[in-house]
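Written below as structure tokens is the structure these notes are about.
Numbering of residues begins at 1 and proceeds along the displayed sequence. Every number for a ligand or one of its atoms is a count from 1 in the order of the listing. Treat the numbers as computed from the prediction; the structure is a model and nothing was measured.
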Amino acid sequence: MAIYLYQNDLPDGLALGPVVAIDTETMGLNPARDRLCLVQLSSGDGNAHLVQIARGQVGAPNLVALLTDPTVLKLFHFGRFDIAALQAAFGVATAPVWCTKIASRMIRTYTDRHGLKYLLLEYAGVDVSKAQQTSDWGSAVLTDAQRDYAASDVLYLHKLKEALEAILIREDRLALAQACFDFLPTRAKLDLMGWDEPNDIFHH
Ligand code: MN
């Protein structure tokens, strides 16, 4: 396993395959207010690619090309947030997408534990540390612990998707999940425009 760190954008010519796991780290939980600091990507081969985004940076051509490539599926855990953060930073809608949290909510109706840590423990057999989750991602120099944490958020998503997708198929809910994934970029845009809780248009 290797962790590669880049500044501002992915390098030219990096091929990450048809399904790319993506996670982001930001300055906080409000994607309209809190800037994007780091984008983590993995092709599922055990390697992680980390892209640091500078304050005020508006473009990242190689990254944006990947986010908007209709032939590449972008795989997230709670993509609603990451897609909004990427839209706020670069002005693009990420698509097509798949979300392991939505998949989990749709089939694991026997539990309210849909956090990545629990899911990776159950379906990938790995126990990842969440200790760095709330650290300062705007720092110019990331610590080794931050890099390891950031990488662990994308390294096992392919394995998790495989397990959850099998259950979605078994329970005949894959089509419903797919419709939710397809709606995610719009959901993220609504969040950015102010229609998040408590003004959610789907609420009473
Ligand atoms: Mn993360």
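Using bins of under 30°, 30° to 60° and over 60° for the plane-to-plane angle, the ring pair Tyr149/Trp137 lands in the tilted bin.
Remark: the Gln40 side chain and the Asp23 side chain contain an N/O donor-acceptor pair separated by less than 3.5 Å. Residues Glu25 and Gln146 have side chains that never bring a donor and an acceptor to within less than 3.5 angstrom of each other.
For the pairing with Asp153, the side-chain hydrogen bond (donor to acceptor under 3.5 Å, both in side chains) check across Gln133, His77, Lys130 returns one residue only, Lys130.
Listed by first then second residue, pairs satisfying side chain to side chain donor-acceptor pair (under 3.5 Å) with a partner in residues 81-97 read Thr24-Asp82, not counting sequence neighbours.
Atoms of the protein (N, O or S only) found under 2.8 Å from the Mn ion (ligand 1) are Asp23 OD2, Glu25 OE2, Asp153 OD2.
For the atom pair Leu75 CG and Trp98 CH2, the distance stands at 7.0 Å (nearest 0.5 Å).
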